[in-house]
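See below for the structure under consideration.
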Amino acid sequence: MTPEEFVAELDRENRALLARLAEKSAAGEPGEELTVVALLKVALRNEYEAADLAARWMTDTPELDAKLALARQCGDEAKHYRWIEERLAALGADLRGFDPAAPGPSPLSVRLRQLPTTVERAAAGQFTREAIAVARNDVFAAFCEERGDAATAALYRDRIQPDERHHHELGRRLLLRYAVGDEAQARARSAARETLRIADEIQELARLKTGLCRAPGC
Ligand SMILES: [Fe+2]
Ligand SMILES: [Fe+2]
C-alpha cells in the first residue's frame, strides 16, 4: 500500500471506531453530580499528560519534522492547561493543592510512552489520540451548553478544538511521510488500534465508577 492509501484506510477504520466511542460518551443522562467543573479537572489531567508525553517523545525522536511537531504539540497542550485553569478560576473552583500528576500516569500514557518508533507515535499519539480528543471535546462542549455554560463551550469550540485538529493533522502528515512499507504500516496500525482500545476501556471504567461519560480529551 502507498502511504496515501494506508492513511486513508487508517482514517476510515478510526472514524468507525470513534463514532462508536463518541456515541457511548454521549449516551445516557448525566446525573446532576456530573458538573462542568469536575469534567474540567479531568481535562487538566489529560492536557498535562498530553504535554508530558510530547515532551518525552521529543527528546528521542530523530526526525526533525516529527521533533518539531511534538514540540509544537507540547506547547499547545500546556497552553490549553492554562486556559482551562483560568476557566475553572472564573467558575469559582478552588485548585489549591490540585496536582494533575498525583494519580500517576494513566494506562494510556503508560502504554504510549513505550512506543519506540516515529510511525507508531504519529499513528497512536497524534493521528488517533488527537482524533479521540476532537470527538470527545465535541460531546463535552454540547454538555456545557446543555448546562447553560456557553463560555466553556466556546473555549472548547473556538480555541482548543482548532489546535487538537491541528495535532491530528500533524500525525497525518508524519504518517504520509514515514508509513512506508508493510512493516511500518503494520506497526502504525496496531499502535492506533491499541490506543482506541485502551481509550474505550478507560471510558467504560470511568463511566461505571463515576458516570464521567462526558469527559473531554486533550
Ligand atoms: Fe492535543
Ligand atoms: Fe489539548
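Whatever order the structure lists them in is the order used to number ligands and atoms, beginning at 1. Sequence positions, counted from 1, serve as the residue numbers for this chain.
Using modelled atom types and a 3.5 Å distance limit, the side chains of Thr195 and Arg129 yield no donor-acceptor pair. With no hydrogens or angles considered, no side-chain donor-acceptor pair links Gln126 and Glu169 at under 3.5 Å. A donor-acceptor pair shorter than 3.5 Å can be found between the side chains of His167 and Glu77. Side chains of Asp138 and Gln161: a donor on one and an acceptor on the other come within 3.5 Å.
Counting only protein N, O or S atoms, 6 lie closer than 2.8 Å to the Fe ion (ligand 1).
Between Asp60 and Arg121, at least one side-chain N (NZ, or NE/NH1/NH2) sits under 4.0 Å from a carboxylate O, which counts as a salt bridge.
The aromatic rings of His168 and Phe127 sit parallel to each other, their planes meeting at less than 30°, with 60° as the upper class boundary.
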